[in-house]
There are 2 protein chains.
Amino acid sequence: MSDARQDGAQDARRPRLSRERVLAVAMELADRDGIEALTIRALAEHLGTKPMSLYHHVAGKEVLLDGMVDIVFSEIEKPPTDLGWREALRVRCRSAREVLGRHPWSVPLLESRHHPGPELLAHHESVLSTLDRAGMPLPLMAHAYAVLDSFVYGFAMQEANLAVQRGDEDAELAGEIAAAFDPDAYPMMTRFAMEHAMRPDFDFGDSFDYGLDLLLDGLARAVERAGA
Amino acid sequence: MSDARQDGAQDARRPRLSRERVLAVAMELADRDGIEALTIRALAEHLGTKPMSLYHHVAGKEVLLDGMVDIVFSEIEKPPTDLGWREALRVRCRSAREVLGRHPWSVPLLESRHHPGPELLAHHESVLSTLDRAGMPLPLMAHAYAVLDSFVYGFAMQEANLAVQRGDEDAELAGEIAAAFDPDAYPMMTRFAMEHAMRPDFDFGDSFDYGLDLLLDGLARAVERAGA
DNA sequence: ATGCCGTTCGTACTTAGTACGAGTTGCTAT
DNA sequence: ATAGCAACTCGTACTAAGTACGAACGGCAT
């Protein structure tokens with residue numbers, strides 16, 4: 001009789017709830033429909049259950065978001081230990097940008113969660129080790145970390161926004177902006193847009209490597225100076 | 001009789017609603033209690049009116065936020081035209097950091113608003129002019145703007161977060177983190193915290209000028225190379 | 001005075017998070 | 001096998017928040 005019980009069907013399409021499954025589906029939802037579409041109700045729907053069932057695996061929405069952020073960190077490649085510190089940091093920063101690009105909703109959350117997860121801690125630890133390996137004294141280490149992360153987060157934030165603007169409201173928005181755009185009032189912006197930013201081969205993302213190298217160059221010089 | 005009408009008192013303490021007043025009080029509220037405390041109801045309360053009265057001055061909450069973001073931009077000093085491009089940019093970036101520090105709630109909003117206000121446009125225009133004046137060709141200009149803003153926004157984001165963590169939940173939070181913190185598991189973080197970041201003279205904010213100069217140095221070199 | 005228009009606001013609908021407690025399931029020890 | 005228990009699920013309902021609708025109101029030009 002157990003195979004004919006009321007939730008036999010449910011059993012098949014619901015591999016049983018678990019913290020992992022809840023988080024995984026939450027990430028999917030956020031990635032696909034945006035963070036504002038991630039409601040407890042919608043999440044429950046996608047899991048084939050009812051809202052209150054989730055509360056046994058995740059204490060509340062805040063904790064859910066904490067968990068998601070930690071997953072994001074888990075996806076960011078740690079600086080490889082078999083590369084020089086510069087290359088290693090480049091790898092980890094590029095990975096961070098890529099991951100944040102895949103999960104644009106996470107950027108504003110990254111720094112606003114008050115409960116660092118294990119993956120976040122492990123990540124920080126590995127980056128600090130790399131900076132230490134580079135021979136940076138503590139004060140320089142602090143600068144380096146602050147500066148690199150500021151750049152990475154800020155860049156990801158701007159890219160996340162660009163992605164939104166290329167959404168379905170593209171036409172409407174472009175028209176709106178163009179309309180509000182008096183070429184006489186904003187000559188530089190007009191020139192910049194016409195002659196560069198709207199060209200098909202322009203890619204905002206190119207500035208990432210440019211800026212990253214600017215910072216790494218500067219830090220390398222500082223390390224030399226400190227070492228001398 | 002007009003001085004004895006029902007809303008005589010209200011008249012005195014309510015200088016009549018207006019878009020400006022609504023926005024101003026909204027900024028106050030967000031600054032003081034955080035963006036999540038800025039609800040239409042709370043805002044109406046502080047203005048001495050009822051929720052629906054606001055809708056005649058601001059089309060909805062999104063538009064309210066758009067307006068607030070534009071005010072934030074209006075507070076950021078434009079790069080002074082009577083300084084060299086480097087100094088001018090330094091002034092504007094420092095001002096941006098300071099303003100975003102005063103309005104921490106605005107950082108995640110800055111790049112997520114889809115309706116650029118006049119102040120934002122004017123600000124962009126003036127920065128681009130400065131970059132142009134520096135002799136940057138368009139591609140370099142794009143890099144420079146992207147890189148500087150990424151850094152400024154990212155830094156402000158991290159600072160905003162630090163500010164929150166120094167809030168009323170300080171003790172609780174510090175204890176929590178310390179508890180989760182196994183010195184053996186995270187040796188570098190422990191050393192970094194003990195020997196540097198928790199020292200009374202450590203100031204995260206110091207890294208701002210450091211990073212800003214790193215970027216400006218790099219850009220100056222690029223300008224020279226381009227000019228040669 | 002009269003009637004119009006911009007404002008104000010009472011009411012109520014909708015969406016979202018989640019507290020409470022009842023029901024259900026499946027594991028474990030007998 | 002089965003009783004008992006703990007873990008899980010979910011129906012109901014409360015609260016907070018954004019805002020649609022339309023009535024009421026106040027000042028002003030006629």
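Computed from a prediction, not measured in an experiment: that's the story for all the values here. Chain identifiers are assigned alphabetically (A, B, ...) following the order of the sequence lines, protein sequences preceding nucleic acid strands; residue numbering begins at 1 within each chain. For the numbers below, each heavy atom of this structure counts, side chains included, while hydrogens, waters and symmetry mates do not.
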TODO: Decide, yes or no, whether a salt bridge links Asp209(A) with Arg90(A) under the criterion of side-chain N to carboxylate O below 4.0 Å.
DONE: no
Task: Phe155(B) ring center near Phe151(A) ring center (under 6.0 Å) - done: no
- [ ] Using whole Å, report how far OH of Tyr55(A) lies from C1' of dG11(D).
- [x] 15 Å
- [ ] Check the distance between dG17(C)'s C1' and Ile35(A)'s CD1 and give it to me in whole angstrom.
- [x] 15 Å
Task: For atom NZ of Lys50(B) and atom P of dG18(D), their distance in whole Å - done: 17 Å
Open item on the list: Under a 3.5 Å cutoff, is there a donor and acceptor pairing between the side chains of Tyr186(A) and His124(B)?
Closed with: no
TODO: Run the salt-bridge test on Glu45(A) and Arg41(A) with the 4.0 Å N-O cut-off and return the result as yes or no.
DONE: no
TODO: Using atom CG of Leu17(A) as one end and atom P of dC8(D) as the other, report the distance to the nearest whole Å.
DONE: 10 Å
Task: Ile40(B) CD1 to dC13(C) P, straight-line distance once rounded to whole Å - done: 21 Å
Open item on the list: Tell me whether Ser207(A) contacts the main-chain N or O of Tyr210(A) through its side chain, where contact means a donor paired with an acceptor under 3.5 Å.
Closed with: no
Task: Most 5' of Glu36(A) and Met52(A) on DNA chain C, judged by nearest nucleotide - done: Glu36(A)
Task: Thr39(B) side-chain proximity, nearest of dC9(C), dG18(D), dC10(D) - done: dG18(D)
Task: Between P of dC9(C) and CD of Glu45(B), the distance in whole Å - done: 12 Å
- [ ] In whole angstrom, give the distance that lies between atom CG of Leu43(B) and atom P of dA17(D).
- [x] 13 Å
Open item on the list: Test of understanding: with side-chain hydrogen bond (donor to acceptor under 3.5 Å, both in side chains), list the residues that count as partners of Ser106(A), not counting sequence neighbours.
Closed with: none
Task: Within residues 58-65 of chain B, residues whose heavy atoms come under 4.0 Å of DNA chain C - done: none
- [ ] Have a look at Arg97(A) and tell me which of Glu77(A), Glu75(A), Glu159(A) forms a salt bridge (charged side-chain N to carboxylate O under 4.0 Å, His left out) with it.
- [x] Glu159(A)
- [ ] For His57(A) and for Arg41(A), locate the closest nucleotide of DNA chain D by heavy-atom distance; then report the residue assigned to the nucleotide nearer the 5' terminus.
- [x] His57(A)
Task: Nearest-Å distance for atom pair CG/P, residues Asp33(A) and dA16(C) - done: 12 Å
Task: Distance below 4.0 Å between Ser53(A) side-chain N/O and dC10(D) OP1 or OP2 - done: yes
TODO: Choose from dT18(C), dT19(D), dC8(D) the nucleotide whose nearest atom is closest to any side-chain atom of Pro51(B).
DONE: dT19(D)
